[in-house]
Amino acid sequence: MPTRQPSSSRDSKSHPAAGLYLVIHGHFYQPPRENPWLGSIDRQPTAAPYHDWNERIEAQCYGPNRASRILDGSGRIEEMASNYEHLSFNFGPTLLSWLASRNPPATYRAIVEADRASARRLGGHGNALGQVYNHMIMPLADPIDRRTQVLWGKADFRHHFGRDPEGMWLAETGIDRATARELIAAGVRFTVLSPHQAWRVRHLRRGGWTDVSAGNVDTSRPYRMFPIPGDHTKYLDIFFYDGGLAKGIAFEHYLRSADLLASRIGAACPPSVSRPYLVNVATDGESYGHHEPFGDMCLAYLYNRIVPGSPLKATNYAHFLSLGAPEMEVELKEPSSWSCAHGVGRWERDCGCNAGTAGYHQKWRRPLREGLDHLREELRNAFLRESSRWFPDPWEARDRYIDVVLAGGDPAARDAFLERVDFRGTTVEDRVRSMRLLESQKYAMLMYTSCAWFFDDISGIEPVQNLRYALRAIELAQPYSRHDLRAVLTTYLRRAPANHPSVSDGAEVLERYAAPARIGPDRIAAGYALEQVFAPGESRCVYPEWRPRAIQIEDPVSSFRLQLVGEHAPWTRARPGLVVLRESATGEDHAFDVVVLEGEGAHVACLSAPSRGDDLRALLASGGAQDQAQLLAGRFGRGYFHLSEIPESSADRVRERLLSKHLEPLLERLEGELMAQEGLVLSLREEGRQAPALLEHLARAVTSERLSRISREVDVLTPSEFLDRIEETYLLAGMAGVSPDSRAVSGPLSLLFLNLAEEAAEAWHSRRLDRMADLDNDIRGLLSLAETRELGIDRTAAEEILYAAIRRAGPSLEKALTGESKAAPAPAAGSAARPRTDEARRAAEMMLSLAARVNLSMRVVRGTPTALKSEAARKEHKAAEPKAAAPGSSMNR
């Protein structure tokens, strides 16, 4: 990193904005993962201990970058910084919508606010770029999809950021002239590409072409591309990132040391410049914390400690472009991308680019794409044939349908959309059909998400996900098609040979891995009925594609006992009822008659079928066992669902409550047996002998189960009760010399710690000393227990809460500690009044004690991080203390 301002010529040719500018761009993206029949993400075991890969990467990358830790010399947090306020970034629309759906959506809010903050700092130019909607490879898209992808990406960006995107990221940076023309038509000013995508450049006003096809294009300036031959009124500006820096960050561990990263950036800076000179790099955003653990901390230190004392100005592409129009023209290799040496072959054929699995071919790529292309045309035929009766321009209607998608099934948004596109249908059925076909078109685009072709086999989770989208599109459009759409796709998939020995071809992948994900509304209704009976009192599961409108389950039918074929035991209880679901996409209600069945133990199931509107309970009660069996068989047919056949989230809730209920008596008996052997165990331990294996296993099972039970009571017990019960369980385990499985209690402990931290921050703000004392005791007890019993606690969110609270309260805390405070907490009710300065000091000391427990430096209280951003203060800090360090990095400048 250069340590002095580079000189620049002061003659008439010197640019008024001459200087060094730094842009680091993060392309944040995950493949869509939701089950298309539910709208929610199924559990992904490979992401454990998280529910799915979105959750795991949010915890490792997206979340940390909103409040990245900068540590002092002793390893304490002296500042939390939002990298998004300095980083140029784009978020894939499907990922950003997922982040917005989180509870709470802290990372999403930080991303949106960072764009606003950067726009305020940089003349109205925010850090965020748009992205084509679902990561479709644009040069391989046909003109209709290409247009919709850009318009949907633009609309999605506007929905989240409240402005139009100045730049747009292209999936895999895939580009050709047609793609550039579409961006221009949508008002997009620029995009970012790999240096290896440039073919030749020339000055806009003079000189001939220079070949830069070896990747040697000058990345320090923007270029102008004219995609229409002979027309210089329409253009797209292009930035090429520094390939060496990008490779170093992505593959050579530059993020393990801020020293190293800063030196590599400095090496890209010339000693003097007479124009705005750009050092820029673009990589997957997941590099900053997921691919490179703690990479976010390296980035935060770079932006907040190193760059402020250097000649580099942190900016973004749009702001840099505002400093002056490009002076150079570029022609590109077409088509091209950043991750395929053969243009865009990686997404259409066996070009040789792969993920490196030895012995695997990619001969399946072409049949997969050809099959989807053929299916797409059949889906369009059905769409046009039907929707032309309702929409003056069906393709305009599809382009605008993104407003309904973004509204998440809001009926008002659907009505407004139909009015805007001049819908000419006259019946409710017309509305439903139009929405089904538009939804089918949405999934017809999602089935082209690029990830399906990127890796090495058609049986991978990414191709399977795209095939699920294809099946959902088929299901929605099949009633309006003249052909068997599934057969159309299967014909091509039989020609797609798989590498994995468990399957032969794409057709088998479709049937074995994609099709079983389908969850019909009858199964969702069964899930809600089972939840209503066996897991009441909690917020029920939410499936975005379906909303429960009514759930009515009646009391059990008297004198019911029925043995059904294939069941190992009879059903002894039946509860009839009605479940009404609303399909979010169409607004159509679906009513289902249900019968919740219960047998011995935890044996439960549910019958579900479209409602006939009659009194099902009366029918069941009026006949004997044979009549009941005939009624249920004729009424419900195949609508007979065990827990393994309803949505996974509903099944998990029901199963947990059932097991808890039925195992409680067993746990009590086993605890009694364990306590009865206390004398024996203690005698053996006094002799220095180990308890018998049987007692060890018993103790471990009992105490592990007790911790699981306790973890579910965190919301109903006081903090002290909760902690006492955990400690009692550990004492019981210690008697037998074993350690229980503590994984179940770590999450609830983390949540309790967060809640206590939030309450402490609020208590300080409202000057409630009596409450602060109680909270201080609870927090001390929690952290002591966690340390003593080696229980893992996630302190991340609590650290952020307390950091923000203490930064806000910094001046008042210092005054309270020095006795200068004029305002102090009121004494607790019934206590004798003390001097207000003593009260304030005690409250401040508790806050500082709490800050120390979450590893906050005293510098947070004193506001030092802000002062450190001046060069003089940075030098003083350097002389006074060791450098702040992220794990694995000295962070020296």
Side-chain angles (χ1 to χ4, degrees), residues 1 20-30 57-58 60-70 79-92 95-96 99 106-123 125-131 157 160-161 165-169 173 190-192 219 239 241-242 245-246 248-250 254-255 258 261-262 264-265 268 278-308 310 312-321 869 886:
M1 180 71 70
L20 297 174
Y21 296 84
L22 174 66
V23 174
I24 299 177
H25 181 83
H27 165 50
F28 293 94
Y29 168 74
Q30 288 299 304
I57 299 174
E58 200 275 338
Q60 295 173 338
C61 176
Y62 309 135
N65 274 289
R66 76 168 186 256
S68 190
R69 278 60 169 165
I70 298 175
E79 186 173 6
M80 293 186 189
S82 171
N83 287 333
Y84 300 119
E85 292 192 11
H86 301 285
L87 190 70
S88 170
F89 61 82
N90 74 280
F91 273 82
L95 173 61
L96 196 58
L99 289 170
T107 299
Y108 171 78
R109 289 172 181 164
I111 291 165
V112 173
E113 176 52 37
D115 181 67
R116 294 170 182 161
S118 60
R120 291 191 294 269
R121 188 179 74 251
L122 297 171
H125 304 286
N127 284 345
L129 274 65
Q131 181 196 290
F157 186 93
H160 294 292
F161 295 101
E166 295 185 77
M168 184 165 282
W169 185 268
T173 72
F190 67 89
T191 192
V192 183
T219 61
F239 288 95
Y241 62 80
D242 186 311
L245 282 176
I249 288 174
Y254 284 8
L255 295 177
L261 179 59
R264 295 295 187 266
I265 291 172
L278 180 64
V279 178
N280 85 106
V281 60
T283 66
D284 286 337
E286 290 74 19
S287 297
Y288 306 104
H290 173 58
H291 298 314
E292 191 70 73
F294 306 107
D296 65 289
M297 295 174 69
C298 179
L299 198 63
Y301 197 88
L302 177 79
Y303 274 128
N304 294 276
R305 296 293 185 269
I306 298 179
V307 169
S310 79
L312 276 168
K313 303 179 183 69
T315 187
N316 61 46
Y317 288 115
H319 175 254
F320 187 85
L321 198 58
K869 292 179 182 178

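Heavy atoms only: backbone and side chains are in, while hydrogens, waters and symmetry mates are out. In this chain, numbering begins with 1 at the start of the sequence shown.
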Checking Asp242 side chain against Thr219 main chain: does a donor-acceptor pair fall under 3.5 Å? no

Angle between ring planes, Tyr317 versus His25, binned at 30° and 60°: parallel, tilted or perpendicular? tilted

Quick one: do the Thr107 and Arg66 side chains pair a donor with an acceptor below 3.5 Å? yes

Do the ring centers of Tyr84 and Phe28 come within less than 6.0 Å of each other? yes

Ser287 and His291 side chains, donor-acceptor separation under 3.5 Å: no

Heavy-atom closest pair, residues Tyr288 and Cys61: O-SG, 3.5 Å

Could you tell me whether the side chains of Asp284 and His27 share a donor-acceptor contact shorter than 3.5 Å? no

Assess the side chains of Asp296 and Ser68: does a donor N or O sit below 3.5 Å from an acceptor N or O? yes

Between Leu122 and Ala314, which heavy-atom pair has the shortest distance, and what is it? CD2-O, 4.3 Å

Show your reasoning for whether side chain to side chain contact (heavy atoms under 4.5 Å, CB included) applies to Ile24 and Leu302. CA-CA 11 Å; Ile24 299 177; Leu302 177 79; 3.8 Å; yes

Return yes if a side-chain donor-acceptor contact under 3.5 Å exists between Glu286 and Tyr62, otherwise no. yes

Does a salt bridge link Glu85 with Arg120, judged by any charged N lying under 4.0 Å from a carboxylate O? no

Determine whether the aromatic ring centres of residues Phe91 and Tyr29 are separated by less than 6.0 angstrom. no

Taking atom types as modelled, is there a side-chain donor on Asp115 or Asn127 under 3.5 Å from an acceptor on the other? no

